[in-house]
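Data block below; observations after.
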Amino acid sequence: MLPLQRIREESDAVKEGLRRKGEPTDCVDTILELDATARRLRGEVESARAEQKRQSGPVRGKPSDEQLAQLTELKQRVQEGDARLGELDTRINDLLLYVANPAHESVPYGQGDADNVPVATWGKPASFDFDPLPHYDIGAGLGIFDFERAAKISGARFAILKGDGARLERALITWMLDVATQEHGYTEILPPYLVRREAMVGTGNLPKFEDDAFHVDGGLFLIPTAEVPVTNLYREEILDATQLPIAHVAYTACFRLEAGAAGKDTRGYLRLHQFDKVEMVRFTTPEQSLEQFELLTQHAETILRRLGLSYRKLLMCTGDTGFAQWKKYDLEVWAPGMRRWLEVSSCSVFGDFQARRANIRYRPSANEKLRFVHTINGSGLALPRTFDAVLETFQQRDGSVVIPEVLRPYMGGQERLLPG
RNA sequence: GGGGAGGUGGCUGAGCGGCUGAAAGCGCCCGCCUGCUAAGCGGGUGAGGGGCGUUAAACCCCUCCGGGGGUUCGAAUCCCCCCCUUCCCGCCA
């Protein structure tokens, strides 16, 4: 959320920032109007209340009739003003939750996919002396997917992994967590998958994107990503500057309702209502956030490199930089069987946008004022598409798949997935 | 599901109608003391908003003791509703 003061003082810049993202700007004008009214009213109410205090303070005991009459009148003025002010403040605060985070100045302008800027490509796309198959065909040969039964049990957009498939997924998850915790310095968190509404508001998933989330009886939401519980770990807290940066990694299942609405990627292990993901989250000072963002992105890249997958890194244009995001890279892995790039990681820095919503602050040093931390997160990595890229990249003519070396210790030393 | 306890500043924890933005302790900051450290001594130390200020400080005002209503001239303190935490019993894994 943006501070009201910023909207007040830099309304044109804020609106321009929203326009660049393709976000509506009318809410800014509405907020400005409401705020102007609220400020005027606040002045009146405050001076009436100051008068009330001045008169009521020294009374101590029984005020005279004249005093009483005057005080009663003041009280009414204060009460009425306060009620109107309360309404205005509520409306302003509700609107503020819908104002997007303008992108960082280094983010290129653009409206969509075509405007995202490739900043790096790593690895050569795998070459084959046969026609490489898409992962769902490879998987069918290996007997590791069961989409039909998943649909029977849960409906469309669910998958079942079986045998070596289930094991490979677990191996990927465990290995990713091990790299993050043992090499990259992240502390692992295993959080709840159900969260309160406030947690969803904290990360910016609510109120604007309520339709995208699974809402369960009892008022809780199924997390769309581990970002939600992990970012909210420190909500309403004041951190010590010496603790920063804080780095967490978490594996969770992720649940997305909207994943089904698009009508694309209906085939294969690609876009699901439920999927696995390893997520990294960092909390930093404002001074460090951009470099920490680069660092986290590198950590995600490391995972892809170690697996031997080729990928590209895209700097998202303003139009593809999400509601809460300040700046974002997407990592896309090459899937040679489908001959397309698959998004496996999205690394974002939020500035203090989430920290304001979740009220996560820190004290820079003993005599300084509290400040909001900056938050950063990124997938490291999303499982289904990483899984697909492994199958498609390391498939063999005979239908088997060579398991990347880094995963073999997690597969009991197994070197290949064999058909049958 | 039944019954109890509780939500106060960075933390612990008093307060139970006006003298309380809030005792005390801890922590932290400044100074004294000390060969250094520790201890000791003295002082200071909540957050948010508005005014003012050519956006630093000072100064003034308002708000804030889980949230929202109410009683009252006046509420952290009394009443009502809600949220959250916690304990005991029951139930289930």
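Throughout, protein chains are lettered first and strands after them, A, B, ... in sequence-line order, and every chain is numbered starting at 1.
For the pair A:Lys208 and A:Glu23, the salt-bridge criterion is met [side-chain N within less than 4.0 Å of a carboxylate O]. A salt bridge links A:Arg149 to A:Asp146: at least one charged side-chain nitrogen sits closer than 4.0 Å to a carboxylate oxygen. In this structure, A:Arg157 does not pair ionically with A:Asp265, as no charged nitrogen and carboxylate oxygen lie closer than 4.0 Å. Using a cutoff of 4.0 Å between basic side-chain nitrogens and carboxylate oxygens, A:Lys21 and A:Glu16 are not scored as salt-bridged. A:Lys313 has no carboxylate O lying under 4.0 Å from a charged side-chain N of A:Asp330, or vice versa, which leaves the two without a salt bridge.
Separation of the C1' atoms belonging to B:G67 and B:C26 is 30 Å when rounded to the nearest angstrom. Comparing B:C60 with B:U45, their P atoms are spaced 14 Å from each other, to the whole Å. Separation of the C1' atoms belonging to B:A23 and B:G13 is 10 Å when rounded to the nearest angstrom. Distance check on atom P: B:G9 versus B:G4 gives 27 Å, rounded to whole Å. When the P atom is compared between B:G42 and B:G18, the two are found 31 Å apart, to the nearest whole Å. Here, B:C82 and B:C89 have their P atoms 26 Å apart, quoted to the whole Å. B:G69 and B:C61 have their C1' atoms separated by 27 Å, given to the nearest Å. Look at the P atom in both B:C80 and B:G1: the space between them is 23 Å, to the nearest Å.
Applying the salt bridge (charged side-chain N to carboxylate O under 4.0 Å, His left out) definition to pairs two or more places apart or across chains, those involving residues 159-187 of chain A are A:Glu183-A:Arg306.
Formation of a donor-acceptor pair under 3.5 Å by the A:Arg385 side chain with backbone atoms of A:Leu270 is found in this model.
Across all strands shown, B:C59 forms a Watson-Crick or G-U wobble pair, both distances under 3.5 Å, with B:G51. In this entry B:G10 has B:C26 as its Watson-Crick or G-U wobble partner, both defining distances falling under 3.5 Å. B:C64 is paired with B:G46 under the Watson-Crick or G-U wobble criterion, all donor-acceptor distances under 3.5 Å. A 3.5 Å limit on both hydrogen-bonding distances identifies no Watson-Crick or G-U partner for B:C19. If you check B:U85 for Watson-Crick or wobble pairing at under 3.5 angstrom, you find it paired to B:A5.
Along RNA chain B, the nucleotide nearest to A:Gln5 and the one nearest to A:Leu370 differ in position, and the one closer to the 5' end is contacted by A:Leu370.
Looking at A:Gln354 and A:Thr375, their side chains do bring a donor and an acceptor atom within 3.5 Å of each other.
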When you compare the protein's N or O atoms with those of nucleotides 80-84 of chain B, which come within less than 3.5 Å of each other, and at what distance?
| from | atom 1 | to | atom 2 | distance (Å) |
| --- | --- | --- | --- | --- |
| B:C84 | O3' | A:Arg196 | NH2 | 2.4 |

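The A:Glu9 side chain lies nearest to B:U55 when the options are B:A47, B:U55, B:G49. Nearest nucleotide to the A:Arg39 side chain, out of B:U55, B:G51, B:G48: B:G51.
Taking atom CZ of A:Arg40 as the reference point, atom C1' of B:G49 lies 18 Å away to the nearest angstrom. The separation between A:Ile92 atom CD1 and B:G49 atom P is 14 Å, rounded to whole Å. Remark: P of B:C62 and CG of A:Asp89 are 18 Å apart, rounded to the nearest angstrom. Rounded to whole Å, atom P of B:C64 lies 18 Å from atom CG of A:Asn359. Following rounding to the nearest Å, A:Glu237 (CD) and B:A47 (P) show an atom-to-atom distance of 18 Å. Rounding to whole angstrom units, CZ of residue A:Arg363 and C1' of B:G46 are separated by 8 Å. Across the protein-nucleic acid pair, A:Arg361 atom CZ and B:C11 atom P stand 10 Å apart, rounded to whole Å. Rounded to an integer number of Å, the gap from CD1 of A:Ile238 to C1' of B:G27 is 14 Å.
Contacts of A:Arg197 with the nucleic acid, taken as non-hydrogen atoms under 4.0 Å apart, are absent.
Contact between the side-chain N/O atoms of A:Lys369 and the OP1/OP2 oxygens of B:G48 is found at a separation under 4.0 Å.
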| request: Verify side-chain contact (heavy atoms from CB on, under 4.5 Å) between A:Phe145 and A:His135, making sure each step is shown before the conclusion. | output: CA-CA 10 Å; A:Phe145 292 130; A:His135 67 276; 4.0 Å; yes
